[in-house]
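None of these values were measured; they are calculated from a predicted model. We count ligands from 1, going down the list as the structure has it; atoms in each ligand are counted the same way.
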Amino acid sequence: MRRKNFRATTYAVVVLAVMFSSLESSQARDYRVRKKTGGLTFDVRINRNPPVLGDNEIRIAIKDAQGNPVKGLRVFVNYYMPPMPGMPPMNYNIPAKAENTEYRATMDLIMTGPWNIVLRLKYRGRMMKIVFPIDVR
Ligand SMILES: [Cu+2]
């Protein structure tokens with residue numbers, strides 16, 4: 001797997017890709033995941049598709065069973081690479097900031113390959129967890 005010092009090359013490729021796809025909306029480029037649990041619907045977007053080395057912004061919209069945005073939660077984003085032989089653990093936990101009807105955070109993904117994303121929050125006294133894998137390029 002490539003390490004972070006290949007980041008400049010990755011950026012150059014991304015810049016070119018963006019130039020050639022400038023007619024697409026930014027939404028079309030988002031990496032999207034929808035999950036439901038405990039009566040809530042989570043619409044998750046990552047602003048890189050596929051997710052890339054370096055900073056990736058994650059936005060989480062949470063709606064109740066009536067479709068109303070759920071505000072005022074404390075949402076935490078945990079992102080980690082499964083343990084691999086010969087690699088230091090890569091496991092990060094950051095709070096998401098509430099912004100309008102969404103929660104936002106920036107993940108610094110420091111290696112290509114498989115990562116897991118775990119969103120954690122408490123809703124009406126219950127701990128909730130959403131988990132999904134991503135493949136960082
Ligand atoms: Cu690894």
(message) Taking 2.8 Å as the cut-off, does Met87 contribute an N, O or S atom near the Cu ion (ligand 1), distance below it?
(response)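 Yes, Met87 qualifies, because one of its backbone or side-chain N, O or S atoms lies under 2.8 Å.
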
(request) Specify whether an N/O/S atom of Met90 falls short of 2.8 Å from the Cu ion (ligand 1). (result)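 Coordinating: no.
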
(message) Test of understanding: clusters of I, L, V, M, F, W, Y form through side-chain heavy atoms closer than 4.5 Å, transitively. Do Met111 and Ile58 belong to the same one?
(response) yes

(message) Side-chain heavy atoms nearer than 4.5 Å, only ILVMFWY residues, links allowed to pass through others: does that put Met107 and Val118 together?
(response)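 Different clusters: Met107 never reaches Val118 through Ile, Leu, Val, Met, Phe, Trp or Tyr contacts under 4.5 Å.
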
(message) For Asp43, is there an ion pair with Arg45 - N to carboxylate O distance below 4.0 angstrom?
(response)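 Answer for the salt bridge query: no.
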
(request) Mind reading off the angle at the Cu ion (ligand 1) between the SD atom of Met81 and the SD atom of Met84, rounded to 10°? (result) 140°

(message) Using only atom types and a distance under 3.5 Å, with no angle test, would you say the side chain of Tyr103 pairs donor to acceptor with the backbone of Leu73?
(response)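 Indeed, once roles are kept as given, a pair shorter than 3.5 Å links the two residues.
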
